[in-house]
Each structure stands twice: as C-alpha cells, then as structure tokens.
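In this text, all values refer to a predicted model and were calculated from it rather than measured experimentally.
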2 protein chains.
Amino acid sequence: MGATKLSIHTREQIEMAQFAKVFAHPARVSILQYIASQDSCICGDIVDKVGLSQPTISQHLQVINAAGLLKGSFKGKTICYCLNVEKFRQMQELFNSYFNKTVASCCNI
Amino acid sequence: MGATKLSIHTREQIEMAQFAKVFAHPARVSILQYIASQDSCICGDIVDKVGLSQPTISQHLQVINAAGLLKGSFKGKTICYCLNVEKFRQMQELFNSYFNKTVASCCNI
DNA sequence: CTTTATCATCGTAATATTGCAATATCACTT
DNA sequence: AAGTGATATTGCAATATTACGATGATAAAG
C-alpha cells in the first residue's frame with residue numbers, strides 16, 4: 001500500500017487535496033509568486049530565481065499546470081507562463097469556503 | 001535526491017508549504033471537516049467515518065497536529081480532538097494574503 | 001488486579017515525490 | 001541544412017508518504 005485511497009473520499013475533498021498539493025512544496029510557492037510578480041511572464045529566469053535545476057523547475061511547472069493554474073502560449077522559443085487568474089480565484093474561493101465551513105463549531109477546552 | 005531543498009526558500013514559503021501539506025491529502029481534509037462538525041470532538045469515530053484504519057488515522061492526526069491546528073486534552077480514554085481555531089484563522093489569513101498578493105499582475109494573453 | 005476500550009507507536013511493504021544529469025525536442029536564426 | 005537557445009522528457013537515486021497489522025500504553029470498569 002502506499003497509494004492514496006481515493007474511493008472513500010468525496011469529489012470535493014479530492015479537489016481540495018489536489019489544489020493544496022500545488023502549494024505543498026516551497027519551490028512551487030516560490031514559482032507562483034515569481035510568475036505573478038512579473039508583468040511579462042518571463043520563463044527561464046525562474047530557474048535562476050528559485051535556485052533549482054531546469055528539469056526540476058519544469059517538473060514543478062507541470063504540477064502547477066496540471067491543476068489548471070497556468071495559462072499562456074506553450075510553444076516557441078520564449079514560453080510565456082502566466083497565471084490563470086480565473087482558475088486561481090476559483091481555487092481561492094474553494095479554500096475560503098472550506099476554511100469558513102470548518103471553523104464552524106468546536107468544543108472550547 | 002528525494003528530499004526537499006529547504007535552504008533556498010524563504011521562511012514564508014516554507015510555512016505556506018507546511019500548512020498546505022495538511023490539506024494535500026483527502027483524508028486530512030475529511031478529518032478536519034469531521035472534527036469541526038462535531039460539537040463534542042468525538043475521536044475514535046473518525047476511523048469509522050473516514051474509512052481508514054486506526055493507525056492510519058492516527059498518523060494523519062499527527063500531521064495535522066504538527067501544524068498546530070489541533071487542540072484539546074490528549075490523555076485518557078476518550079481523547080478530545082478540537083480545532084485550534086486561533087491557529088486555523090491565522091493560517092486562513094496566510095493563505096488569503098498569499099493568494100491576493102499572487103493574483104496581482106500578470107500578462108493577459 | 002484483570003479486563004476492556006481507546007489511542008499511539010513500531011515495523012514494514014507499496015508507492016509517490018524530489019532532484020539532477022543526460023538527452024530529446026522544437027522554433028528560430030544563419 | 002546546420003547551429004543555437006529554451007524547454008520538455010527520460011532515467012535514476014534518494015527520500016517521503018501512505019497504509020496496515022501487530023504490539024504497547026493508559027484509563028476506566030468490573
């Protein structure tokens with residue numbers, strides 16, 4: 001065993017986990033910060049900025065992209081990585097909604 | 001090789017990742033929802049509710065606890081797992097702050 | 001003091017993640 | 001067509017995570 005049991009969880013719980021996984025590594029937190037901080041979505045600079053090798057950055061970008069949080073043109077010499085702001089906002093809503101629901105009632109010891 | 005490089009990241013990025021890791025597994029999302037939904041912080045029922053073995057639930061609880069999100073009396077027959085609402089709110093603030101900062105400026109393609 | 005119920009811990013197997021070197025790909029230039 | 005620069009893919013080693021059975025610890029009940 002070692003693989004996550006998905007069948008016992010709800011679609012919402014799995015979705016939360018998938019989004020959270022994006023931020024569950026400091027490199028990806030850093031990458032997203034950098035992408036958003038640049039008006040002109042520079043790409044290869046992420047490698048220099050974050051301090052990991054190019055293949056490793058590429059791998060992290062795939063994880064972020066798989067969650068639908070990236071947007072832009074992915075072909076050509078200079079690839080433009082942009083934030084998918086719409087998706088990002090949706091995710092923010094999901095987190096906030098979950099957080100607010102969770103903080104509902106609790107025994108106060 | 002396998003372990004996360006921590007030295008190249010900021011304290012904030014690492015903190016974000018640590019909190020996000022809590023929600024990066026559907027079982028922990030489910031556990032937190034359950035704990036918060038019960039006024040009386042019942043404990044062993046989590047095992048029945050979530051559908052994983054008792055040791056596995058215990059392991060997940062440790063991860064949540066390590067992030068400081070749990071509170072209560074941890075001794076005796078009936079252990080009372082409660083949400084650390086204060087810490088939870090702090091975390092929510094951290095996420096919201098990060099999200100809002102990140103959605104700042106981006107090329108619009 | 002023994003039993004019982006409730007959790008935690010240990011040990012272990014299966015799988016996933018992280019990171020990099022080497023290599024491939026792909027578009028543009030010359 | 002060959003070269004160049006930028007990114008993706010592959011393959012591998014090291015480590016982390018997930019899950020569970022077995023066992024240990026502890027408090028309440030008998």
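Taking side-chain N and O atoms only, T56(B) has no distance below 4.0 Å to OP1 or OP2 of dA19(D). Proximity of K21(A) to the phosphate of dA16(C): no side-chain N or O atom is located under 4.0 Å from OP1 or OP2. The shortest distance between the side-chain N/O atoms of S58(B) and the OP1/OP2 oxygens of dA8(C) is below 4.0 Å. Distances shown here put every side-chain N or O of H60(A) at or beyond 4.0 Å from the OP1 or OP2 atom of dT17(C).
When rounded to the nearest whole Å, the span between NZ of K5(B) and P of dA16(D) equals 15 Å. Here dT18(C) presents its P atom at 17 Å from CD of Q54(A), a figure rounded to the nearest Å. Put simply, CG on N65(A) is 12 Å from C1' on dA8(D), counting in whole angstrom units. Atom CD of Q59(A) is separated from atom P of dT10(D) by 11 Å (rounded to the nearest Å). Distance, D48(A) CG to dG5(D) C1': 14 Å, rounded to whole Å. Straight-line distance from the CG atom of L70(B) to the C1' atom of dC7(C): 14 Å, rounded to whole Å. Between the CZ atom of R28(B) and the P atom of dA16(D) there is a distance of 15 Å, rounded to whole Å. Residue I64(A) contributes atom CD1, which lies 12 Å from atom P of dA8(D) at whole-angstrom precision.
Among the protein residues, Q62(B) comes within range of the sugar-phosphate backbone only, with heavy atoms under 4.0 Å from sugar or phosphate atoms but none that close to a base. Within 4.0 Å of I57(A), counting heavy atoms only, lies no atom of the nucleic acid at all.
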>> Is there a side chain to side chain contact (heavy atoms under 4.5 Å, CB included) between I31(A) and L70(A)? Walk through the geometry before answering.
In response: CA-CA 11 Å; I31(A) 288 170; L70(A) 292 183; over 6 Å; no
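Among the nucleotides dG21(D), dA8(D), dG19(C), the one closest to the side chain of Y81(A) is dA8(D). In this structure, of dT15(D), dA19(D), dG19(C), it is dA19(D) that holds the atom nearest to the side chain of T4(A). Closest approach to the P55(A) side chain among dA22(C), dA19(D), dT18(C) is made by dA22(C) (side chain taken as heavy atoms from C-beta onward).
Taking each heavy atom of V29(A) and Y98(B) in turn, the nearest pair found is O-OH, 2.9 Å.
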Exercise answer: donor-acceptor pairs, residues 49-56 of chain A side-chain atoms, under 3.5 Å, sequence neighbours excluded:
from: S53(A); atom 1: OG; to: T56(A); atom 2: N; distance (Å): 3.4
from: S53(A); atom 1: OG; to: T56(A); atom 2: OG1; distance (Å): 2.9

Which atom pairs, one a donor and one an acceptor, fall under 3.5 Å between side chains of residues 11-25 of chain A and the rest of the protein, sequence neighbours left out?
from: Q13(A); atom 1: OE1; to: T10(A); atom 2: N; distance (Å): 3.0
from: Q13(A); atom 1: OE1; to: T10(A); atom 2: OG1; distance (Å): 3.4
from: Q13(A); atom 1: NE2; to: Q33(B); atom 2: OE1; distance (Å): 3.0
from: H25(A); atom 1: ND1; to: A27(A); atom 2: N; distance (Å): 3.0
from: H25(A); atom 1: NE2; to: T4(B); atom 2: OG1; distance (Å): 3.2

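The neighbour count for Q90(B) CD, taken as heavy atoms of other residues, nucleotides or ligands under 6.0 Å away, is above 12.
A residue-by-residue look at L61(A) and S53(B) shows that L61(A) has its nearest nucleotide of DNA chain D further toward the 5' end.
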